[in-house]
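Report on the following structure.
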Amino acid sequence: MERHEIEVFLTLAEELHFGRTADRLGLTQGRVSQTVKKLERRFGADLFERTSRRVALTRLGKQLRDGIEPPYQRIQEEIAAVAAAGRGVTGTLRVGFSGAFTGHLLQHITEQYARRHPGVEVRLQQIQLFDPLGPLRAGQVDVQVTERPVNEPDLTLGPVLVREPRALLVANTHPFALRGSVSIEDWADCRLLSVGGASAPQYWLEHLFPTRTPSGRPIPRGPAVLYWEDAMTVIRANQAVCPLSLAASRYYTHTGLAYLPVPDAPPLEYGLVWQTARSTKLALAFIRAAEAAVNARGGPDRALATLHDSTRETT
């Protein structure tokens, strides 16, 4: 088998989806299908069972995967290790994230990064709501994924990794919970969660938790919280509502909550950011790996959804 055939076969064996396999490898679905058919003709047997609804490995497909995947991974890891050592990419990298869904994405990125840079230990750390940039400036993390906008003279912005529609999180007993969606103008008719002791820039808070609707109506404020976990408690108690990414509905599945799309709100973006004065080889290598992993998942608009779907299929 040639290298590109091994890559197509192993990626399809992992994804069990021709579209996602094509996205990850930067190929067309037709090219993926042709490669698989070519392999099956060579072996004289089907490697995958395909229907209109699912793709699954055959017995021989599983045998081939189990036989070639470990040595192929070892070869790739050794090549990456030598290349990383030659570039001086070793040590510990601390990466911050602000929510469960960006943390899930970073875990996937870290797994791929570790294969290429086995000499680097990556430590993930959750950044709390009330101080989104403090740990970065204090040197507690080297790079982090955080909500945009970030317009700070001492910080450098990297690629956007996640772009998701906005939603309003309410208690399932809230009057809005029976609606299919809400408008930003509707926010003036409820109390919006506020962030206590916030050291975040005012423009950042205004973007995420606006004080007025687009028409200028004031948006009342509810209780102040410091952590996302506290926010869930306040919202379930019907003391406030909270705007957030619709992706949260796939990760924060607490009972008593309802996620309402906000079609007229701009999407929320989550991107990499780091201190300009503390750029390191480790961080820059991780940033490149993160961007490549997201592009392989269909880009910022699709990365979370495809990752979530593939995780469900393998559990």
Side-chain angles (χ1 to χ4, degrees), residues 1-84 101 104-118 120 122 159 161-164 247 250-251 285-286 288-315:
M1 293 176 66
E2 297 181 9
R3 177 176 176 176
H4 78 276
E5 294 174 330
I6 295 174
E7 290 178 345
V8 168
F9 171 76
L10 290 179
T11 304
L12 183 58
E14 177 185 346
E15 294 287 353
L16 298 178
H17 190 284
F18 280 85
R20 289 196 296 271
T21 298
D23 288 340
R24 280 182 59 178
L25 298 177
L27 303 173
T28 65
Q29 290 190 43
R31 179 67 181 277
V32 172
S33 180
Q34 290 171 4
T35 301
V36 172
K37 289 178 181 178
K38 182 179 178 180
L39 287 174
E40 290 176 332
R41 287 196 299 270
R42 185 180 306 163
F43 291 120
D46 289 341
L47 301 175
F48 295 91
E49 296 176 353
R50 300 115 138 138
T51 69
S52 59
R53 294 188 176 183
R54 65 188 294 267
V55 177
L57 282 163
T58 64
R59 180 181 61 82
L60 290 176
K62 292 178 181 178
Q63 179 181 338
L64 181 61
R65 178 200 60 192
D66 295 343
I68 68 174
E69 186 173 38
Y72 181 73
Q73 289 294 347
R74 285 197 297 272
I75 291 171
Q76 295 298 99
E77 289 167 4
E78 288 302 318
I79 292 173
V82 172
F101 44 93
H104 185 204
L105 179 62
L106 283 174
Q107 287 176 353
H108 169 70
I109 292 169
T110 298
E111 290 171 1
Q112 297 195 351
Y113 180 79
R115 295 190 187 107
R116 294 183 175 274
H117 305 286
V120 179
V122 179
L161 302 185
V162 174
R163 186 182 297 110
E164 286 280 331
R250 299 192 290 265
Y251 295 88
F286 184 85
R288 289 192 295 269
E291 185 174 24
V294 166
N295 288 337
R297 286 282 175 183
D301 296 303
R302 295 185 56 205
L304 276 181
T306 57
L307 177 61
H308 182 73
D309 290 346
S310 64
T311 301
R312 289 180 59 189
E313 290 173 4
T314 56
T315 57

Look up atom [atom1] in [X] and atom [atom2] in [Y], then write down how far apart they are to the nearest 0.5 Å.
X: E14; Y: R65; atom1: CD; atom2: CZ; answer: 10.5 Å
X: L64; Y: L10; atom1: CG; atom2: CG; answer: 7.5 Å
X: L16; Y: T21; atom1: CG; atom2: OG1; answer: 8.0 Å
X: Q107; Y: L105; atom1: CD; atom2: CG; answer: 9.5 Å
X: D46; Y: T58; atom1: CG; atom2: OG1; answer: 6.5 Å

Please examine the side chains of [Y] and [X], heavy atoms only from C-beta on, and report whether any two atoms are closer than 4.5 Å.
X: L12; Y: F48; value: yes
X: F9; Y: T35; value: no
X: V120; Y: F286; value: no
X: H108; Y: H104; value: no
X: V8; Y: L39; value: no
X: I6; Y: I68; value: yes
X: E164; Y: F101; value: no
X: R250; Y: L304; value: yes

Ignoring hydrogens, what is the shortest heavy-atom contact between [X] and [Y]? Give both atom names and the distance.
X: A303; Y: V294; answer: CB-CG1, 4.0 Å
X: A289; Y: Y113; answer: CB-CD1, 3.8 Å
X: I109; Y: A293; answer: CG1-CB, 3.9 Å

Original post:
Would a distance-only check, ignoring hydrogens and angles, find a side-chain to backbone donor-acceptor pair under 3.5 Å from E49 to A56?
Top reply: no
Subject >> Flag, side chain of S33 to backbone of Q29, donor-acceptor distance under 3.5 Å >> reply: no
**OP:** Kindly check if the number of other-residue, nucleotide or ligand heavy atoms within 6.0 Å of CZ (R59) is above 12?
**Re:** no
**OP:** Might you confirm whether atom CZ of R42 has over 12 heavy atoms from other residues, nucleotides or ligands at distances under 6.0 Å?
**Re:** yes
Original post:
Can a salt bridge be assigned to the pair R297 and E15 using a cut-off of 4.0 Å between side-chain N and carboxylate O?
Top reply: yes
**OP:** Could you tell me whether K38 and E2 make a salt bridge, using a distance below 4.0 angstrom between a side-chain N and a carboxylate O?
**Re:** no
Subject >> Criterion side-chain contact (heavy atoms from CB on, under 4.5 Å) on L25 and R31, from CA distance to verdict >> reply: CA-CA 10 Å; L25 298 177; R31 179 67 181 277; over 6 Å; no
